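Below: the structure, in structure tokens.
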Amino acid sequence: MPDVNPADEAPEENPGDREWHRRARADYAVSRWQRATPPRFRDAEATLPEVIGWADRALTDNAAAGALLLTGLTGTGKTHQAYGALRRIAAGGPDRFELIAVNSADMYGNLRPSQVMGAAEHELQRLSRVQYLLLDDLGTAKTSEWTEEVTYRLINYRYNHCLPTIITSNLPARDENGPDLSDFVGARVASRLAEMVTTLVPMIGADRRRGGRAA
Ligand SMILES: Nc1ncnc2c1ncn2[C@@H]1O[C@H](COP(=O)(O)OP(=O)(O)OP(=O)(O)O)[C@@H](O)[C@H]1O
Ligand SMILES: [Mg+2]
């Protein structure tokens, strides 16, 4: 009988193999991603080259990834790309994978001072510190001094600690003639975002919910 090393035949079965470990980490990370992802986006895949590029950089150098900002009109596929980016990172088999995905209107709702002492503060810490944060639909809530303060504390922490963040918004990053994201978040956050956002993707196209396709 020929002397065949089983590891040569099926390296994927060998727990000593690097690829085996990477795949085990990917399985774990993808299952975390699935738990954090609502059913609508379970099949989400990053398809835009800029989004794929950001996810790949986040996988190789977490602290250098900065923020991915997806802007555009309703139904252009921002949330889809955002979940897709996180899935791509998970599937790459990162050393560590933790994420929270939150709609910004829900976030402000959850952070309102509650009866439970310290619950809102605890929630803000959780969102500030998590390895990956998806902040979906920033700019839809009504602004107030309070929303600005919450956004400032969240973004300032993530900025200081170089934590990868994905933001989607219906507002353009900048618009001289109309409301933009800077107006919503306030000057201090806008300045930090200007440095944090390494990839800005203005999405165009018709509303996919009405049968349109992004260009
Ligand atoms: N590349 C894609 N392939 C297949 N389906 C997609 C793709 N992009 C988006 N969709 C689907 O189109 C619909 C709208 O996409 P999505 O919710 O991501 O839009 P959005 O830009 O986040 O809109 P809104 O600003 O209203 O939140 C969803 O049902 C989504 O699953
Ligand atoms: Mg969306």
Side-chain angles (χ1 to χ4, degrees), residues 1-70 77-104 106-107 110 122-138 154-155 157-168 196-201 203 214:
M1 237 177 83
D3 186 15
V4 176
N5 179 350
D8 291 341
E9 278 201 322
E12 69 277 6
E13 298 300 333
N14 181 359
D17 187 83
R18 276 182 64 167
E19 178 55 18
W20 187 91
H21 281 285
R22 192 196 65 75
R23 226 174 292 171
R25 290 196 306 272
D27 287 348
Y28 169 79
V30 169
S31 75
R32 280 200 105 157
W33 176 86
Q34 277 164 344
R35 267 180 277 138
T37 300
R40 169 87 48 206
F41 298 103
R42 287 277 156 83
D43 296 325
E45 224 181 287
T47 51
L48 299 178
E50 304 95 306
V51 176
I52 290 173
W54 184 85
D56 291 349
R57 284 195 302 281
L59 181 66
T60 48
D61 189 352
N62 209 76
L68 166 65
L69 174 59
L70 297 149
K78 302 177 295 294
T79 305
H80 180 103
Q81 295 293 325
Y83 278 107
L86 291 166
R87 184 207 203 125
R88 188 173 172 94
I89 295 167
D95 292 336
R96 195 163 75 80
F97 188 73
E98 243 179 60
L99 82 155
I100 298 179
V102 70
N103 177 282
S104 76
D106 291 339
M107 176 186 79
N110 292 335
H122 181 263
E123 178 63 6
L124 181 58
Q125 299 285 329
R126 208 171 71 88
L127 299 171
S128 300
R129 290 167 189 220
V130 70
Q131 184 189 11
Y132 289 101
L133 177 71
L134 163 55
L135 189 52
D136 201 19
D137 256 338
L138 186 64
L154 175 69
I155 296 297
Y157 188 96
R158 299 192 67 79
Y159 168 80
N160 287 348
H161 293 83
C162 302
L163 294 170
T165 306
I166 303 180
I167 298 171
T168 80
M196 266 171 100
V197 173
T198 53
T199 307
L200 168 62
V201 185
M203 299 202 43

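Since we're looking at a predicted model, the values are computed, not measured.
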Requested in this report: Report the distance from atom CD1 of Ile89 to atom OG1 of Thr60, rounding to the nearest 0.5 Å.
Outcome: 10.0 Å
Query raised in the report: Hey, are the side chains of Arg57 and Thr199 touching, using non-hydrogen atoms and a 4.5 Å cut-off?
Result: yes
Report summary line: The reported gap from CG in Leu138 to OG1 in Thr165 (rounded to nearest 0.5 angstrom) is 11.5 Å
Under 3.5 Å, which donor-acceptor pairs do the side chains of residues 43-53 form with other protein atoms, sequence neighbours left out?
unit_1, atom_1, unit_2, atom_2, d
Thr47, OG1, Gln81, NE2, 2.8

Query - Closest non-hydrogen atom pair, Ala55 against Ala85 - result: CB-O, 3.6 Å
Requested in this report: Check whether any side-chain heavy atom of Leu127 lies under 4.5 Å from a side-chain heavy atom of Leu133, and answer yes or no.
Outcome: yes
Query raised in the report: Taking all atoms of both residues into account, what is the closest heavy-atom pair of Val201 and Leu68, and its distance?
Result: CG2-CD1, 4.0 Å
Query raised in the report: To the nearest 0.5 Å, what is the distance between CG (Asp17) and CZ (Arg23)?
Result: 8.5 Å
Requested in this report: Establish, from distance only, whether the side-chain atoms of Ser104 and Asp137 form a donor-acceptor pair under 3.5 Å.
Outcome: no
**Report entry** Close side-chain approach of Arg40 to Thr79, heavy-atom, < 4.5 Å
**Finding:** no
Query raised in the report: Heavy-atom distance under 4.5 Å between the side chains of Ile166 and Lys78, does that happen here?
Result: no
Query raised in the report: When rounded to the nearest 0.5 angstrom, what distance separates CG in Leu124 from CG in Asn110?
Result: 11.5 Å
Requested in this report: Look at the aromatic rings of Phe41 and Tyr83 and report parallel, tilted or perpendicular, splitting at 30° and 60°.
Outcome: parallel
**Report entry** Closest non-hydrogen atom pair between Trp33 and Arg42, with its separation
**Finding:** CH2-O, 3.4 Å
Report summary line: Heavy-atom closest pair (Ala91 atom, Ala26 atom, distance to 0.1 Å) is O-CB, 3.5 Å
Report summary line: Heavy-atom nearest pair, Arg129 first then Leu163, reads O-CD1, 3.9 Å
Query - Student check: side-chain heavy atoms of Arg126 and Glu123 closer than 4.5 Å - result: yes
**Report entry** Tyr132 side, atom OH; Asn62 side, atom CG - distance, nearest 0.5 Å
**Finding:** 4.0 Å
Query raised in the report: Should Trp54 and Leu69 be marked as a side-chain contact (heavy atoms from CB on, under 4.5 Å) after you check the CA-CA gap, both sets of side-chain angles, and the distance that decides it?
Result: CA-CA 10 Å; Trp54 184 85; Leu69 174 59; over 6 Å; no
**Report entry** Heavy-atom pair of closest approach, residues Ala82 and Leu134
**Finding:** CB-CD1, 3.6 Å
Query raised in the report: Quick one: does Arg18's side chain get under 4.5 Å of Arg22's, heavy atoms only?
Result: no
Query raised in the report: About how many Å separate CG of Leu99 and CZ of Arg35, when rounded to the nearest 0.5 Å?
Result: 10.0 Å
Query raised in the report: Can you tell me if Ser31 uses its side chain to pair, donor with acceptor, with the backbone of Tyr28 under 3.5 Å?
Result: yes
